[in-house]
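For reference, the structure is listed below as structure tokens.
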Amino acid sequence: MSNSTSPVSVAKPHPKLQSHFFSMDQQLEASTLGMWVFLVTEVMFFGGLFMAYIVYRHMYPHAWVEASAELNWKLGGLNTGVLICSSITMALAVRAAMIGNRTQQLINIALTSILGATFLVVKFFEYKAKFEHHLVPGPHFDPSLEQGMQIFFSLYFVMTGIHALHMVIGLGIMAYIFIQAWKGTYNAEYFAPVEVSGLYWHFVDIVWIFLFPLLYLLGAHGA
Amino acid sequence: MSSGHHVPTIGMCVRVWLALLVLTGFTIFIASQDLGVLNTPVALLVAITKATLVIVFFMGVKWNTPLTKTVAVSGFVWLLILFFMGMNDYLTRGWLGVAGR
Amino acid sequence: MKEADVQQEPSYLGAPYGLASWLLTKDHKRIAILYLISITIFFAIGGSFAAMIRAELVTPQGDFLTADLYNKVFTLHGVVMIFFFLIPSIPATLGNFFMPIMIGAKDLAFPRINLLSWYIYVVGATLTLAAVIMGGVDTGWTFYTPYSSISSTTNVTTAALGVFITGFSSILTGFNFIVTVHRMRAPGMTWFRMPLFVWANYATSLVMILGTPVIAITVLLIAAERALHLGVFDPRIGGDPVLFQHLFWFYSHPAVYIMILPGMGVISELVANVSRKQIFGYSFVAFSSLAIAIIGFLVWGHHMFVTGQSIYAGLVFSIITMLVAVPSAVKTFNWTATMYKGAVVWDSPLFWVLGFMGLFLIGGLTGLFLGAMGLDIHLHDTYFVVAHFHYIMVGGGVMAFLGGLHFYWPKMTGRMYSEPLAKVASMLVFFGFNLTFFPQFIVGYMGMPRRYHSYPAEFQVFNVLSTAGATVLGAGYLMILLYLVYSIVKGPKAPMNPWGATGLEWKIQSPPITHNFHETPVVTEEAYDYLHAPAPTREVTHHE
Amino acid sequence: MSSTLPLFPPSASTVAGDVDALFFFILAVSAFFAVLVSVLILYFTFKFKGKHGEAGADIHGSLTLELIWTGIPFVLAMVMFVWGAQLFFTLAKPPADAMDVFVVGKQWMWKVQHPEGVREINELHVPIGRPVRLTLGSEDVIHDFYIPAFRVKMDVVPGRLTTMWFTATKTGEYHIFCSQYCGTKHSGMIGTVVAMQPEDYEAWLAGGRSTGSAVQNGERLFTELSCITCHKADSSGRGPTLAGVFGSTVQLNDGRKVLADENYLRESIMSPQAKVVQGFQPIMPTFQGLVSEENLLQLIAYVKTLKPAEPASAPVKK
Ligand code: HEA
Ligand code: HEA
Ligand code: CUA
Ligand SMILES: [Cu+2]
């Protein structure tokens with residue numbers, strides 16, 4: 001890799017240039033690279049759960065199908081759509097920041113947040129249904145169900161729970177960049193925070209893209 | 001300054017978005033068909049395609065430095081290490097046959 | 001290289017004063033000092049637990065502590081020493097302090113995140129200490145299920161959350177380092193001009209970001225299993241306890257390289273300096289760090305040879321374990337060759353280098369015994385393993401940390417410590433260490449299992465020797481603590497370059513100014529250019 | 001303590017010598033490198049002692065040397081690997097004629113049952129010169145059955161069965177340790193192996209109180225738990241006949257094929273729906289919680305003895 005840093009001397013430093021960087025470019029590249037490295041850690045974080053998923057699915061293929069059939073694939077599908085829509089609004093928000101269009105930024109960030117909140121509301125109703133049907137692992141778990149199903153639901157709750165937690169954090173970030181965008185902070189010179197938040201949001205979407213078929217759609221052909 | 005930074009077009013965003021929605025519909029549809037052993041591979045293939053679309057276009061990897069591309073790929077490569085070396089154990093537990101026979 | 005003229009500016013230590021200015025600092029050097037203080041406290045805590053272990057094991061009966069207490073003590077000893085001392089030790093202190101300087105940067109890429117990582121560390125550490133105060137935790141540092149998830153009645157959840165949170169501090173450090181090395185190098189600082197310490201920290205950071213998230217999610221699963229009944233490893237509902245071990249060691253084996261790679265980096269700096277010579281085979285030493293970091297991810301199953309893991313998997317893990325020993329061998333031989341035809345100066349850093357080499361060798365070589373499957377059956381979970389990892393982690397890791405600390409102390413604090421005392425202390429530590437842990441190899445091969453509160457009487461002699469050694473070792477450590485602290489108060493002022501070393505860090509004043517450099521340096525020479533290195537300047541002491 | 005300080009554990013099994021041989025080989029290699037490097041660095045320290053301000057020779061490296069000291073350790077490491085792996089195979093594959101002993105670990109004791117039905121706790125009597133195969137199960141957490149004098153050890157994992165074997169060669173009493181941390185009295189979970197002359201062993205067996213052999217007990221349980229109602233000797237039951245199932249390859253209804261080893265039998269009883277035999281409905285109830293780990297071992301012992309009626313079609317080789 002070639003030496004990436006160059007001593008570009010900027011005439012008057014941008015007000016958002018932190019003192020330990022040479023240039024806005026260097027600063028932007030550092031934050032995008034930083035976010036990507038962070039996302040690698042996120043991949044591994046969810047990866048541990050997927051490992052457990054693979055092992056137990058291999059051990060209990062039948063229970064997996066049975067348990068998956070208990071999930072509501074329609075709600076899962078709806079949520080997939082919701083997240084995909086939030087991804088395009090997020091992408092448009094980043095674009096708006098890059099071209100310095102404040103109104104578009106605000107609209108798109110707001111839309112993204114609303115879609116994210118919708119996802120969480122749907123998720124809430126799904127969880128509620130699981131409680132009512134005694135599908136939450138632990139002492140109240142329906143004992144008549146075959147071995148392996150309880151593990152499926154443990155993983156279901158941990159995986160979707162952590163995913164939902166990421167969504168909540170994402171909404172917090174959206175609130176922050178919304179306020180900043182309101183103040184007109186972002187423009188063609190300085191949009192790193194929006195870009196980086198976008199990377200995070202898309203990543204959370206990707207996790208769901210895998211969770212949806214792996215959790216919800218196994219039981220569909222049987223039923 | 002940010003000359004090197006690619007501004008995505010709205011058209012591109014919409015096309016990717018439509019592709020993602022279509023693929024979601026497709027994966028739901030295909031799940032209702034019994035493809036035998038192909039069930040999981042097909043579902044995964046669709047999911048991987050969708051994820052790739054998001055990574056390449058929405059996350060802008062396409063217009064990013066080789067370093068970022070490497071980083072983006074490396075996370076998944078490492079995950080595969082975990083899966084392969086781990087499943088090495090689970091898939092070969094019966095390797096020696098029945099002990100003593 | 002004139003120096004006295006640049007000595008005047010206020011250093012990072014003094015400008016500005018006040019507790020708040022430290023606790024809210026974004027200066028990587030101050031954060032390094034915060035870390036240094038924290039890990040010293042944890043070393044003392046972990047060391048006190050070690051003292052209790054050794055006191056208990058003097059007699060076979062188990063009469064000093066109750067069995068429950070003993071189990072808690074060694075668990076906390078392991079947890080504290082690994083997660084709160086050794087993993088952050090070199091990267092978060094020496095790495096944090098010197099990596100940016102070595103590549104000519106004013107700071108890490110994300111100073112605020114750097115500070116955040118220290119706060120996260122403190123929160124995680126506090127939670128773990130809370131677990132201790134609430135009655136301790138007794139699972140062993142490995143948290144094996146189902147003991148940890150369904151059998152133990154101690155504060156596993158709290159401790160697990162503590163480890164979980166601390167993991168993020170490690171992740172953030174690693175992530176910061178990676179971005180810094182890629183994006184913050186000064187003009188002319190090409191990859192192959194970087195000091196090997198930077199390479200080593202870079203490799204370590206890769207392990208941190210790729211491995212740590214997995215342990216985080218794994219201990220979180222234990223917490224979820226205990227607190228929310230979300231059982232994943234519970235055999236009663238069909239879970240596989242061995243899966244936990246896979247996930248645990250996926251991180252924890254690479255983590256042993258988090259603990260040794262930065263140490264190896266320090267030794268590379270020191271060995272070049274004490275030999276006053278270009279390092280032998282620079283690129284081989286640099287790439288062996290990367291090789292260790294990467295191959296190190298493929299060997300975790302060597303901790304599981306007798307857990308009923310499939311034989312095929314065992315074979316694969318064993319052969320790669322043997323492979324990963326080779327880059328360590330390459331490093332060892334290159335260090336040795338560096339000393340050939342050097343001009344070896346007998347300053348105190350030399351003593352740490354020699355100590356490290358001897359102990360790391362024994363530790364590493366005994367790893368080969370454990371990596372050979374048929375032999376590991378006998379040795380697994382005996383004191384042989386305990387001796388192996390203390391030789392590497394304490395003999396290697398802590399020796400390297402102390403060596404680095406002594407080497408960089410003048411730069412960090414601006415003060416010189418007593419050279420003769422340092423030499424005595426290093427020898428005390430070396431002999432005390434061998435007396436403590438060599439007998440454990442023997443008693444381990446004889447079959448004494450680890451984590452034993454009481455043991456058959458025929459093993460007593462070795463345990464008495466070991467405890468005697470630990471006393472000497474503890475005295476050595478205490479001595480270091482005392483004279484280093486004393487030097488801050490009463491030590492002579494340190495010159496800019498007391499060891500006549502190469503590298504950007506020795507071209508700035510001691511202690512450095514807040515932004516390290518007056519102007520961004522432009523690098524034109526390779527690392528370790530000792531042919532053109534300045535002579536050490538000790539005279540500055542007169543100007544006091 | 002004896003007057004002479006022992007530095008080495010007794011070697012009392014057929015493999016002990018082999019393990020020690022590998023140990024000494026690696027020890028020799030290690031000693032060689034440890035001495036080599038230590039002597040060199042000390043020699044250089046004295047020989048090339050320099051003063052402040054001097055510089056060492058201008059040497060940057062040597063590709064030849066790098067290749068040598070990558071290659072030699074690599075080759076030696078591979079030798080260690082192959083040797084260790086070979087030994088591991090020996091230790092993992094019990095001879096076919098081994099006598100079967102069942103061991104159940106629980107916090108914090110070992111329960112042993114001999115094939116003839118004699119039981120003991122924290123003791124294991126074995127004849128010398130005869131391979132003994134232990135099948136290990138756990139009732140709670142992971143334990144580890146370790147006999148240093150025999151150089152053998154195996155984890156005892158809840159939820160599955162593991163095996164280990166040895167042939168004792170010297171009479172005497174040796175330690176059994178639990179070598180996987182298992183809670184408060186982990187260090188108290190110890191016992192004794194008594195290796196005896198075969199005739200003494202027979203005498204000891206005869207003197208012991210037997211509660212029926214494992215197979216007999218298994219047969220009794222097979223009736224008591226009404227396995228027999230579904231698993232008949234012929235194919236008339238609702239479940240598959242179990243004759244000859246052990247060691248065969250079973251075709252499952254989802255297309256997979258699995259080897260019917262002890263763990264498969266165990267799983268079939270504890271979570272029958274995980275692997276359903278082709279052509280059958282998943283109607284077998286789980287016996288999780290109904291049979292103890294010991295009973296389970298007895299059931300399995302019994303199932304293993306079931307042989308198909310006409311020997312010609314036996315799927316089990318040997
Ligand atoms: C810093 C920490 C550290 C490091 C660097 C290492 C390095 C190595 N470790 Fe160690 N290990 C631990 C810390 C560490 N270990 C800990 C904490 C445990 C126990 C955990 C627990 O259960 O609590 C453990 C346990 C452990 C086991 C499991 C034992 C068991 O529980 O049964 C094994 C098995 O293979 C092993 C092997 C190795 C090997 C092969 C290396 C190699 O990387 C060593 C390479 C170095 C050399 C080989 C020396 C230099 C080489 C030469 C001079 C040339 C000659 C070389 C050849 C001929 C090849 N270690
Ligand atoms: C970095 C890691 C590290 C370090 C530095 C140490 C240091 C020491 N360890 Fe530790 N040890 C582990 C990591 C480490 N250990 C791990 C991971 C385990 C496994 C745990 C498990 O099984 O779960 C273990 C287990 C372990 C055991 C086995 C317990 C058992 O299995 O039953 C023993 C027994 O002798 C032991 C001894 C020692 C000793 C004597 C030291 C000495 O080096 C310590 C000497 C230091 C001091 C004595 C303190 C120094 C003094 C000061 C700094 C001054 C201030 C002091 C006070 C105010 C008190 N350790
Ligand atoms: Cu049972 Cu330790
Ligand atoms: Cu390891």
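What you are looking at is a predicted structure, and each value in this text was computed from that prediction instead of being measured. Protein chains get the first letters and strands the later ones, always in sequence-line order, with residue 1 at the start of each. As a basis for the values below, the full set of heavy atoms in this structure was taken, side chains included, without hydrogen atoms, waters or symmetry mates.
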D/Thr286 versus chain C, heavy atoms under 4.5 Å apart: side chain, backbone, both or neither? neither
Identify the residue among D/Trp110, D/Phe150, D/Trp165 that makes a ring-ring contact (aromatic ring centres under 6.0 Å, His included) with D/Phe145. D/Trp110
Name the region of D/Thr70, side chain, backbone, both or neither, that has any atom closer than 4.5 Å to a heavy atom of chain C. both
Choice from C/Ile442, C/Leu379, C/Asp376, C/Leu315 maximising heavy atom contacts with chain D below 4.5 Å: C/Leu315
So, are D/Lys275 and D/Glu267 salt-bridged, with charged N and O less than 4.0 Å apart? yes
Hey, which of D/Met270, D/His175, D/Lys185 has the most heavy atom pairs under 4.5 Å with chain C? D/His175
Pick from D/Asp144, D/Val37, D/Val157: which one has the most heavy-atom pairs with chain C under 4.5 Å? D/Val37
Heavy-atom cut-off 4.5 Å, strictly under: side chain, backbone, both or neither for C/Thr332 against chain D? side chain
Parallel, tilted or perpendicular for D/Phe33 and C/Phe333, by the 30°/60° rule? tilted
C/Ser152 and C/Asp138: side chain to side chain donor-acceptor pair (under 3.5 Å), yes or no, with the steps? CA-CA 7 Å; C/Ser152 173; C/Asp138 74 343; 2.7 Å; yes
With sequence neighbours left out, which residue pairs that include part of residues 18-29 of chain D fulfil the salt bridge (charged side-chain N to carboxylate O under 4.0 Å, His left out) condition? D/Asp20-D/Arg151
C/Tyr530, C/Phe284, C/Tyr70, C/Tyr445: which one forms the most heavy-atom pairs within less than 4.5 Å of chain D? C/Tyr445
